Each structure stands twice: as structure tokens, then as C-alpha cells.
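If you read the sequence from its start, that first residue is 1, and numbering goes on from there. Bear in mind the structure is a predicted one, so any value in this text is a computation, not a measurement.
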Amino acid sequence: SQYDVAADGTLSAKTPATVGAGSAPQDVALSPDGGSAYVTNNNSDTVSQYDVAADGKLSAKTPATVGTSDLPFEVAVSPDGDSAYVTNFGSDDSVSQYDIAADGTLAPKATPTVAAGTDPWGVAVSPDGDSAYVANNNAGGAGTVSQYDVAADGTLATETPPTVGAGTQPRTVATSPDGESAYVVNANPGNVSQYDVAANGTLAAKTPATVPAAGNAIAIVVPVDTIGPTMTINSGPTGTAGSANARFGFSSSQPGSTAQCRLDGGSFGACSSPKAYTGLADGRHSFAVRGTDPS
């Protein structure tokens, strides 16, 4: 199904309202540039691949599908748009890995699959593209999360340790936009495992290790922060000042922001509050500060 999104966020069906896929389509992912889309087809063991037109409509690429292993579930695309990964829930418990060509078509990498845990379901790639995570459903029992390093060519290599514990029936995995946290939805009885992400990409349970969710929960989405901080100059000289020195205090609307300051139209440079200047010449001066939040 394909929809137009109105300015207020409401959906309306495009024309045509649907495009063809394989048997039992399961999951969808977009390329970072928005020019390609991929859909896993659970019963036909394929990934449908589409071009995305300027108006958002999908049309089948050539070829229209590429093969997977047994029972493909979720698909994820690397942040650089060069690789794609598909979890195979069926007999071989694997992750298919693909190169993405300039036209957006998928081709199996030289090593077409890597091993996962039992019944791999969800897959996610870290925002920096250096790590990947797979939620292993484990036939409805106590699940795990497989963790991988991502090589320069996009191939996956098992981390040490290869897995960390999750809850019962883990399904979907997601990372925070800053890459410092990861979350896994556990369907039964319904909770979310939460993890800190170390510098090498490995996961460690937060405290508390889980938070409640609804029973039979399937998916989780971590919103991307697209709004920058508002910087406020709280103190400093204004009008006519009788000193060659100036000191400005400022603050950010978002904790953890970094600041850059500029005097008299020069270059912005890293700074912190308060920012002091000395030996200023007589005449008019202007001070500006801008901020970047962690996202």
C-alpha cells in the first residue's frame, strides 16, 4: 500500500493504492536517499525491490525480486546506502547480506549469509554503520540479540560475545539516533529490553533492564530529533559600555548541547558559558552563539 502524507500528517491513498509484492510481504525499508524501497516476502523467500519516484510512487526494479534464504522477516539498510541485511526466520537461522548497486538493486555479497541465533526476526544497523543487531525469537522462549561488527565492505562479523540476553519472544530491535542506546521488543508478556551501547558497539543491559509494554508487542520506533536547540544569551554588556572587556553568559534549551561563539562576524568557534573577550577596540561589537544538540 502507498500513501500521500498531508501537511497535518494524515494519510490518503495514492493512485494506484497498491503495487505488487511477493507472497506474504512482511517488512519494508527505504534507502537513505529515499530513491529505493525493499520488501521482504515471507512465503516466497524473496525481497521485492522498487524505485521510488519523485511523487513517492513505487515501481518494480529490474529484476523485481532477489532471493533470500528460508522465511525472510525483516530488512535493514546501512546508513551509507551500500548494504542491506535480511533476517531469515526459517531453517538456517541466518542473515542474508547484499551489496546495493548505484541503481539501488541488491546483489548477494561474496559471503551471502551469516549465522544468527534461533529464529532471527528483527534487524537494525547502528547510526554510524559500524554495528548490527538481530533479535532472535528462539521459538517463543528466552531470546537473545546477536551483535555484529560491520566491515568496510559491509559484511557482518560476529562480535565478542556473539549474543546478549533479551526477554521472551524478542521481535524488533531499534537504536537511538545518537547510537548510544538500543531497544528490543519482547512479545510475551510484553516488555522492552533496553541496552547501553559501548564504544565497540556491544550491548549491556541498562538499569532497569526492561520496561513494560503491551502483550504481544511487535515493533518499536525511536523518533529522530530534527529540531535543533534554542540558544539564549542570558547576560552580557548591551548599549554603551565603559570597558574594553566583555563577558557573555548563555544557555541551551536542550541538555548536552555544544556551543560555538562568534564576535563581529568572524568565524564560529567552540566555546562554553561564560565566554569572555578582552582588549576590545572602541566602537560597535556584536556577539552571537549557536548550538548543536546530541542528535
Side-chain angles (χ1 to χ4, degrees), residues 1-7 9-22 24-42 44-68 72-88 95-109 120-135 148 150 154 156 171-179 182-183 185 218-227 295:
S1 295
Q2 48 185 5
Y3 302 90
D4 289 315
V5 183
T10 55
L11 303 180
S12 59
K14 290 183 179 291
T15 303
T18 62
V19 292
Q26 183 73 30
D27 188 41
V28 61
L30 287 172
S31 61
D33 64 5
S36 299
Y38 309 97
V39 173
T40 54
N41 303 303
N42 193 244
S44 53
D45 296 342
T46 60
V47 177
S48 296
Q49 46 188 5
Y50 305 89
D51 289 315
V52 183
D55 63 359
K57 293 179 182 178
L58 304 182
S59 60
K61 291 182 182 288
T62 302
T65 63
V66 293
T68 67
F73 252 61
E74 287 198 6
V75 56
V77 179
S78 61
D80 61 11
D82 290 341
S83 300
Y85 309 96
V86 173
T87 53
N88 300 301
V95 180
S96 296
Q97 46 187 7
Y98 304 88
D99 290 316
I100 302 179
D103 64 358
T105 55
L106 304 182
K109 291 185 182 287
W121 188 306
V123 58
V125 183
S126 62
D128 62 9
D130 290 341
S131 300
Y133 309 99
V134 170
Y148 304 89
V150 181
L156 303 183
R171 293 185 172 176
T172 301
V173 57
T175 60
S176 60
D178 61 10
Y183 308 95
V185 172
I218 291 179
I220 183 170
V221 174
V222 183
V224 176
D225 181 4
T226 60
I227 301 174
S295 298

Minimal non-hydrogen separation, [X] against [Y], with atom names:
X      : Y      : answer
Ala21  : Ser48  : CA-OG, 3.9 Å
Ala29  : Val77  : CB-CG2, 4.2 Å
Ala13  : Ala17  : CB-CB, 4.1 Å
Trp121 : Thr87  : O-OG1, 2.6 Å
Pro177 : Pro223 : CG-O, 3.4 Å
Ser83  : Lys109 : OG-NZ, 3.0 Å

Got a second to check how far [X]'s [atom1] is from [Y]'s [atom2], nearest 0.5 Å?
X      : Y      : atom1 : atom2 : value
Leu106 : Asp99  : CG    : CG    : 9.5 Å
Asp51  : Asp103 : CG    : CG    : 7.5 Å
Thr68  : Phe73  : OG1   : CZ    : 11.5 Å
Lys61  : Tyr38  : NZ    : OH    : 5.5 Å
Ser78  : Asp128 : OG    : CG    : 11.5 Å
Gln49  : Ser36  : CD    : OG    : 8.0 Å

Hey, does the side chain of [X] reach the backbone of [Y] with a donor-acceptor pair shorter than 3.5 angstrom?
X      : Y      : value
Thr172 : Ile218 : yes
Thr175 : Ala182 : no
Asn42  : Pro72  : yes

* To do: Please test Val150 against Leu156 for side chain to side chain contact (heavy atoms under 4.5 Å, CB included), starting from the C-alpha separation and ending with a verdict.
  => CA-CA 5 Å; Val150 181; Leu156 303 183; 3.8 Å; yes
* To do: May I have the step-by-step check of side chain to side chain donor-acceptor pair (under 3.5 Å) for Thr40 and Asp27, ending in yes or no?
  => CA-CA 5 Å; Thr40 54; Asp27 188 41; 5.2 Å; no
* Asked: Hey, which of Val28, Val19, Thr46 is the one that makes side chain to side chain contact (heavy atoms under 4.5 Å, CB included) with Val39?
  -> Val28
Indicate yes or no: at least one non-hydrogen side-chain atom of [X] is less than 4.5 angstrom from one of [Y].
X     : Y      : answer
Tyr85 : Val134 : no
Asn88 : Ser96  : yes
Val47 : Thr65  : no

